[in-house]
Peer 1: 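To start, I am sharing the structure in question, which I have written as structure tokens.
Protein chains get the first letters and strands the later ones, always in sequence-line order, with residue 1 at the start of each. Hydrogens, waters and symmetry mates play no part in the numbers below; they use all other heavy atoms, side chains included.
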2 protein chains.
Amino acid sequence: MRKYSIDHKSPIPLHAQAETLLRQLIQEEDYRNGKVLPNEVELAKKLAISRTTLRQSINKLVFEGLLVRKKRSGTRVAQNVVSSKSNNWLSFSQEMKLRGIPIKNFELHVTWVTPDEELAAFFEIKPDRKVLKLERVRGRPDEPFVYFVSYFHPRVGLTGEEDFKRPLYEMLEHEHSIIATLSKEEISAVAANDDIADKLRLPAGSPLLFRKRYVFDPGERAIEYNLGYYKASSFVYTVESTR
Amino acid sequence: MRKYSIDHKSPIPLHAQAETLLRQLIQEEDYRNGKVLPNEVELAKKLAISRTTLRQSINKLVFEGLLVRKKRSGTRVAQNVVSSKSNNWLSFSQEMKLRGIPIKNFELHVTWVTPDEELAAFFEIKPDRKVLKLERVRGRPDEPFVYFVSYFHPRVGLTGEEDFKRPLYEMLEHEHSIIATLSKEEISAVAANDDIADKLRLPAGSPLLFRKRYVFDPGERAIEYNLGYYKASSFVYTVESTR
DNA sequence: CTTATTATTATGTACATACATTATAACATT
DNA sequence: AATGTTATAATGTATGTACATAATAATAAG
């Protein structure tokens, strides 16, 4: 039985099926390490679709920078780790999906806490007003690679009973009509303390990329304050700027 | 006489010609204001290329977000052309000045080196062509906090005799007519190795913010490849992004 | 006059096919 | 052992064709 296959009866276009299939395929250890993909003619035959259709899907991934083609030698996975582009505002879930990496939630805690001074000031609320705190350890199925702590403004209207396994911004948009459009971020490096090292399964003292995000709605009103600790080896933040 | 046309004898692929042609076409007032482009079948006929080939070019522009397709109504220029690029284009010197912190150069080495494969590829030069390497350890008067390694494209025309204590981009602009306008950056965290730890007066293994910059001129030609290792405690990278 | 129905017209999907180009490997030559 | 030549195996380019789908326009029905 073949691992990946395409359903010719499905209403989903073949090239779209091939696309998601490729996204999964390139998660495999071998390909990730530079093994060339099956050549187009062969692969098309195996999937029982035409080469043109297959190329349509490959092209898309090439455009996205996930695959690199080379004449004669073949097509392989581009050699870069998960990155975040500041231009196209993607959430963690979206980004992982784009790369065909399944997300695993290793930990998820929801609590109501009293904000510290800084947070109360950012949210412009009284210090005794409780806010929702969401802690998550997420990553690919085999390893956690980020520890998030989020605080939400009471205005958002979260109860704490929501399903936080779903994409967060999707939920905010649909169920709470909250649209996040502006984010101010600060990025620095820190050493993992015992607690975080444990969560991310790292030796204490390992370097982490630390990202603080202040998220706003279109009226520049504060929505979320987010702290992210990324395992350095599997995360790169990319920025493109012009002047 | 037709305004735009395609040369079937040119060595440039038809779809590439069609692409540049489209890019010109959509500069026209009418299209920019929302007029639909000629439909694919017609346009293909006019340009004397197949619809498939034409679609190849259109697809590229659609992917770049320049064109928007709509069934039945046709294809037109996307209306949201305002790009939301981050504006943090500041050089180290400018940034320090802005904060009123005097700069001290702790180390400064200039050498000519043979580029490694990656660098030669980025600069698009032969691997035996030597490039100028500039290493600097800089910081505030009392403590170093960044270790830079820069490589410059030979095209820039640096001799190695210049005064590298001056603001670099100012010098490039005035003395070499090189204007850096685009920079692509990758930010991650690493642990300090012995060498760098020593330069920055830190214990080995301390977390550092590691910033790779690819700097380009207005023609998107590579100018500089820069590696920066920042002492985590004294450097934060900020980004603002909208969607 | 409003609401279905149908036709039209654009893009969307998919295939089979042919030949060009180019990086590499295999081989032959000096 | 270095250099030149040829084969080959992958992607790259390009065409022609067919039918599907969806939004709109035109028309018919109530």
Side-chain angles (χ1 to χ4, degrees), chain A residues 5-22 25-26 30-31 34-78, chain B residues 5-22 25-26 31 34-78 117 120-121 124 126-128:
Chain A
S5 71
I6 278 189
D7 178 7
H8 280 256
K9 282 171 206 141
S10 156
I12 300 162
L14 302 186
H15 70 83
Q17 288 187 53
E19 188 191 323
T20 50
L21 188 149
L22 283 170
L25 188 65
I26 63 177
D30 286 354
Y31 296 125
K35 186 178 158 198
V36 293
L37 300 191
N39 78 63
E40 298 180 353
V41 180
E42 280 304 309
L43 191 54
K45 204 177 289 173
K46 267 190 190 140
L47 300 178
I49 57 175
S50 78
R51 186 177 162 217
T52 319
T53 304
L54 176 60
R55 271 180 75 81
Q56 206 178 138
S57 343
I58 298 181
N59 274 334
K60 195 159 176 209
L61 300 205
V62 170
F63 266 127
E64 288 180 19
L66 285 171
L67 291 179
V68 177
R69 290 205 230 243
K70 218 173 162 191
K71 272 190 194 169
R72 166 64 218 240
S73 17
T75 303
R76 53 185 81 201
V77 176
Chain B
S5 72
I6 278 190
D7 178 7
H8 280 258
K9 282 171 205 140
S10 156
I12 300 163
L14 303 185
H15 70 83
Q17 288 187 54
E19 187 190 324
T20 50
L21 188 149
L22 282 170
L25 189 65
I26 64 177
Y31 295 124
K35 189 179 156 198
V36 295
L37 300 190
N39 79 62
E40 298 179 353
V41 179
E42 281 305 308
L43 191 54
K45 204 177 288 172
K46 266 190 189 138
L47 300 177
I49 59 176
S50 77
R51 183 177 164 218
T52 319
T53 303
L54 176 60
R55 270 178 76 81
Q56 205 177 139
S57 343
I58 297 182
N59 274 335
K60 195 160 176 205
L61 300 205
V62 169
F63 209 90
E64 288 180 18
L66 285 171
L67 291 179
V68 177
R69 299 178 127 122
K70 218 174 163 191
K71 272 189 192 170
R72 164 68 217 238
S73 16
T75 303
R76 53 187 79 200
V77 177
E117 208 176 309
E124 294 178 7
K126 295 206 198 81
D128 58 343

Peer 1: Nearest 0.5 angstrom please: A:Q56 CD to A:L54 CG, how far?
Peer 2: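 Spacing of CD (A:Q56) from CG (A:L54) equals 10.0 Å.
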Peer 1: Just how far, in rounded Å, is P of C:dT22 from CZ of A:R69?
Peer 2: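 Distance check: A:R69 CZ to C:dT22 P gives 16 Å.
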Peer 1: Select one nucleotide: of C:dT24, C:dG12, D:dA10, the one nearest the side-chain heavy atoms of A:R72.
Peer 2: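 In terms of side-chain proximity for A:R72, the closest of C:dT24, C:dG12, D:dA10 is C:dT24.
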Peer 1: Between A:P13 and A:K70, which is nearer to the 5' end of DNA chain C once each is assigned its nearest nucleotide?
Peer 2: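 The residue mapped nearer the 5' terminus is A:P13.
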Peer 1: Can you check the B:H15 NE2 to C:dA20 C1' distance for me, whole Å?
Peer 2: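 So the two atoms are 12 Å apart, to the nearest Å.
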Peer 1: I need the CD1-C1' distance between A:I58 and C:dA14, as an integer number of Å.
Peer 2: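 Rounded to whole Å, this separation is 16 Å.
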Peer 1: What is the distance, to the nearest angstrom, from the CD atom on A:E40 to the C1' atom on C:dA14?
Peer 2: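 Value for this atom pair: 16 Å.
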Peer 1: Does a nitrogen or oxygen in the side chain of B:T75 sit under 4.0 Å from OP1 or OP2 of C:dT11?
Peer 2: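 Indeed, a polar side-chain atom of B:T75 lies that close.
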Peer 1: Out of C:dT11, C:dC15, C:dT24, which nucleotide sits closest to the side chain of A:I49?
Peer 2: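 Among C:dT11, C:dC15, C:dT24, the one nearest the side chain of A:I49 is C:dC15.
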Peer 1: Report yes if the side chains of B:Q17 and B:I49 come closer than 4.5 Å at any heavy-atom pair, otherwise no.
Peer 2: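 Not touching, per the 4.5 Å side-chain cut-off.
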Peer 1: How long is the line joining CG of B:D7 and C1' of D:dT13, in whole Å?
Peer 2: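 Taking atom C1' of D:dT13 as the reference, CG of B:D7 is at 16 Å.
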Peer 1: Would you indicate whether the side-chain heavy atoms of B:V68 and B:V62 approach each other to under 4.5 Å?
Peer 2: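 Side-chain contact under 4.5 Å: no.
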Peer 1: Counting side-chain heavy atoms from C-beta on, which of D:dT15, D:dT11, C:dT24 comes nearest to B:L14?
Peer 2: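 So the side chain of B:L14 is nearest to D:dT15.
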Peer 1: Atom NZ of A:K71 and atom P of D:dT8: how far apart are they, to the nearest Å?
Peer 2: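 From A:K71 NZ to D:dT8 P: 19 Å.
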Peer 1: Can you tell me the distance, in whole Å, between the CZ atom of A:R76 and the P atom of C:dA23?
Peer 2: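 Whole-Å distance recorded here is 14 Å.
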Peer 1: Under a plain distance cut-off of 3.5 Å, with no hydrogens placed, do A:R51 and A:N39 share a side-chain donor-acceptor pair?
Peer 2: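 Looking only at side-chain atoms, A:R51 and A:N39 do not form any donor-acceptor pair under 3.5 Å.
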Peer 1: Under 3.5 Å, is there any donor-acceptor pair linking the side chain of B:R51 to the base of C:dG12?
Peer 2: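 Between C:dG12 and B:R51, which were checked side chain against base, a qualifying N/O pair under 3.5 Å is present.
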Peer 1: If each of B:R55 and A:A48 is mapped to the nucleotide of DNA chain C with the nearest heavy atom, which maps nearer the 5' terminus, i.e. the 5' end?
Peer 2: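 Looking at the nearest nucleotide for each, B:R55 comes out on the 5' side.
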Peer 1: Under 4.0 angstrom, heavy atoms only, what part of the nucleic acid is A:T53 near: base, sugar-phosphate, or nothing?
Peer 2: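 Touches sugar-phosphate only.
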Peer 1: Which nucleotide in the set D:dT15, C:dT21, D:dA22 lies at the smallest distance from any side-chain heavy atom of B:S50?
Peer 2: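 Of the options given, the side chain of B:S50 lies nearest D:dT15.
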Peer 1: A:Q56 CD to C:dT11 P: how many Å, rounded?
Peer 2: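 That distance rounds to 15 Å.
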Peer 1: Base, sugar-phosphate, or nothing for B:T52, non-hydrogen atoms under 4.0 angstrom?
Peer 2: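 Base: the residue B:T52, judged by heavy atoms under 4.0 Å, touches a nucleobase.
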Peer 1: Quick one: does B:H8's side chain get under 4.5 Å of B:I6's, heavy atoms only?
Peer 2: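 Result yes, sub-4.5 Å side-chain heavy-atom pair found.
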